[in-house]
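Beneath this line is the structure, given in structure tokens, with notes to follow.
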Protein chains: 2
Amino acid sequence: MTKSATTSTPERKRGQGVKFVYEILRDDILNLALPPGSPIDEIQLAERLSMSRTPIREALVRLAGEGLVTTLPNRSTVVSNIDFLNMHQFFDALTLMYRVTTRLAAEYRSDADLAKIRKLQAAFGQAVDDQDALAMISCNREFHAAIAKAGRNPYYTGLFCRLLDEGRRVLRIYYSSFDDHLPRRYVDEHDDIIAAIDARDIEEADRLARQHADQIVLQIQRLIAEDRRQPISL
Amino acid sequence: MTKSATTSTPERKRGQGVKFVYEILRDDILNLALPPGSPIDEIQLAERLSMSRTPIREALVRLAGEGLVTTLPNRSTVVSNIDFLNMHQFFDALTLMYRVTTRLAAEYRSDADLAKIRKLQAAFGQAVDDQDALAMISCNREFHAAIAKAGRNPYYTGLFCRLLDEGRRVLRIYYSSFDDHLPRRYVDEHDDIIAAIDARDIEEADRLARQHADQIVLQIQRLIAEDRRQPISL
DNA sequence: TGTATTTTATTTGTCGACATAAAATTTGCC
DNA sequence: GGCAAATTTTATGTCGACAAATAAAATACA
């Protein structure tokens, strides 16, 4: 069992316990440090983080609400599986959210929003230059999340971030097979999107977002299709 | 403080406690039995339902994840307010989800889905005939939720149901001002939508869903505009 | 030796209690 | 009498422990 490098932090403030374990578990799940299907032992976690089971259970309830873990009644809770069979619906929702959030960003962005988006795009470009696939995945998520926030619709932002996180897990599985000319293309597409948002060109932003989404979906589909691993889960 | 008629049910199975209190609180919140801003006293709830605070806290965490309650750190948790200032974003997301879910329902529905949708539409018609505004709101939600489920995209269904629940609260505030010719119109529009889904006419389903959403949004906006109550929240 | 049944053990769901932080109240001072 | 500081009080966040339920192990039996 791969464990994250969570060194003991015995000094914790009151009221931060749930948030603490929630973020650790969430990161481990999205980074696949806890792969899908992994059982989560409350007692083990409790003594590893040197805290009671109560805040851990509350964090698990929260994660279950986001669909990241699945609670079997009277049984162990496990990290939710990635549903490769219903991937089509995931792609459909992802594409729509790409488009809608980018549209709204072009309409409602402030200058501060734009500055933040550009900063995150720079970080993404750096990750591409470094050939750091993990950083690329993370920066890409932050970039699009910032665009969504600039659109100022919390309902879209919430769903979109959930989809981006789920996509982070999927990409993480295949990150080793990234070519380096593909990320470069993504950087250019991001730049075009930023330009459209800057110019407040809603239709162009929509078109670019759709194109970008199609690119990513195609990429993931190709990776899945190329996957030669036996699809037998343990 | 208005309390729901939750008579004591001392016989409860193990593992049903959280779900039990979750559903009670959820219903009370959506029915406005617990109006926005109401503090939720864990101890009071615990002795009222004759159970410990632990399952109640877990239910509150779940509700907080859905945005129905807001947890103030080291302070009481309160029922989330309805954000009338950002209602525009709510309407935008609601309209889009109406359209997308109805489109997908026209594409992927099974005959069983259609039968269920028709059954719920009958219930809605009955509620309109009975002039039962509460039942109308509830049946309307179930009707559209069934359409979303027929579309078979859990991401859309999840967001849409959240929006419908939020709308249930908003409508509940103004339910007294319902004219009776408006609901009749909704019944007809529902029938048209069913016909389009039945015929698998995606574009027509989209058009009707958009029209239906616009109607509802207009209705709610008019109710809000007509509201003469002092907008001072004690 | 294989299967069914009982026993053990592990883990979850729930409970009552303590400690801490914020609110309410009282006290002290001008 | 009014305002500020100290105190009490109330409610949250966390803890350790018990009970039920499931899984695993051991035993009995054909």
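Residue numbers start from 1 in every chain, and the chains themselves are labelled A, B, ... in the order their sequence lines are given, proteins ahead of strands. All values reported here derive from a predicted model rather than from experimental measurement.
Projected onto DNA chain D by closest heavy-atom contact, B:Ser76 and B:Thr54 fall at different nucleotides, the more 5' of which corresponds to B:Ser76.
In this structure, A:Arg152 forms no cation-pi arrangement with A:Tyr108, as its terminal cationic atom is not both closer than 6.0 Å to the ring centre and no more than 45° off the ring axis.
Near DNA chain D, meaning a heavy atom under 4.0 Å from it, residues 59-74 of chain B has B:Asn74 in order of number.
Between A:Arg57 and the phosphate of C:dT12, there is no side-chain N or O to OP1/OP2 separation shorter than 4.0 Å. A sub-4.0 Å separation between OP1 or OP2 of D:dA23 and a side-chain N or O of A:Arg75 is present.
One atom, CG of B:Leu45, and another, P of D:dT12, lie 10 Å apart when rounded to the nearest Å. The nearest whole Å value for the distance from the CD1 atom in B:Ile40 to the P atom in D:dT12 is 10 Å. Distance A:Glu47 CD to D:dC15 P: 13 Å, rounded to the nearest Å. Rounding to whole angstrom units, CG of residue B:Leu49 and C1' of C:dC15 are separated by 15 Å. Atom CZ in A:Phe20 sits about 16 Å away from atom C1' in D:dG13, given to the nearest Å. The CD atom of B:Glu42 sits 15 Å away from the P atom of C:dG16 (whole-angstrom rounding). Atom CD of B:Glu58 is separated from atom C1' of D:dT14 by 13 Å (rounded to the nearest Å). Here the C1' atom of nucleotide C:dG16 and the CD1 atom of B:Ile43 are 12 Å apart, to the nearest Å.
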Trace of the side chain to side chain contact (heavy atoms under 4.5 Å, CB included) decision for A:Arg62 with B:Arg62 = CA-CA 6 Å; A:Arg62 205 165 140 193; B:Arg62 206 166 141 192; over 6 Å; no

request  = For the pair B:Arg169 and B:Glu166, evaluate salt bridge (charged side-chain N to carboxylate O under 4.0 Å, His left out) and give the outcome as yes or no after the intermediate values.
outcome  = CA-CA 5 Å; B:Arg169 287 212 297 173; B:Glu166 191 65 29; 3.5 Å; yes

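Under 4.0 Å is where a charged nitrogen must lie from a carboxylate oxygen, and between B:Asp165 and B:Arg141 at least one such pair does. Under a 4.0 Å N-O distance rule, the pair B:Arg162/B:Glu66 does not qualify as a salt bridge.
Although no hydrogens or angles enter the test, the distance criterion places no donor-acceptor pair under 3.5 Å between the side chain of B:Asn140 and the main chain of B:Met136. Within the 3.5 Å criterion, the main-chain N or O of A:Met97 finds a donor-acceptor partner in the side chain of A:Thr101.
Residue B:Ser52 has its side chain nearest to C:dG16 when only D:dG13, C:dG16, D:dA11 are considered. When distances are taken from the side chain of B:Arg53 to each of C:dT14, D:dA11, D:dG13, the shortest belongs to D:dG13. Considering only side-chain atoms of A:Asp41, the nucleotide from C:dC15, D:dT12, C:dT12 that sits closest is C:dT12.
Over its full length, the helix from C:dT1-D:dA30 to C:dC30-D:dG1 turns its helical axis through 10°, comparing axes from the five pairs at each end and rounding to 10°.
Residues A:Thr70 and A:Ser80 bring a donor and an acceptor atom of their side chains to less than 3.5 Å of each other.
Applying the ring-ring contact (aromatic ring centres under 6.0 Å, His included) rule to B:Phe160 yields the partners B:Tyr98; only residues at least two apart in sequence or on another chain are considered.
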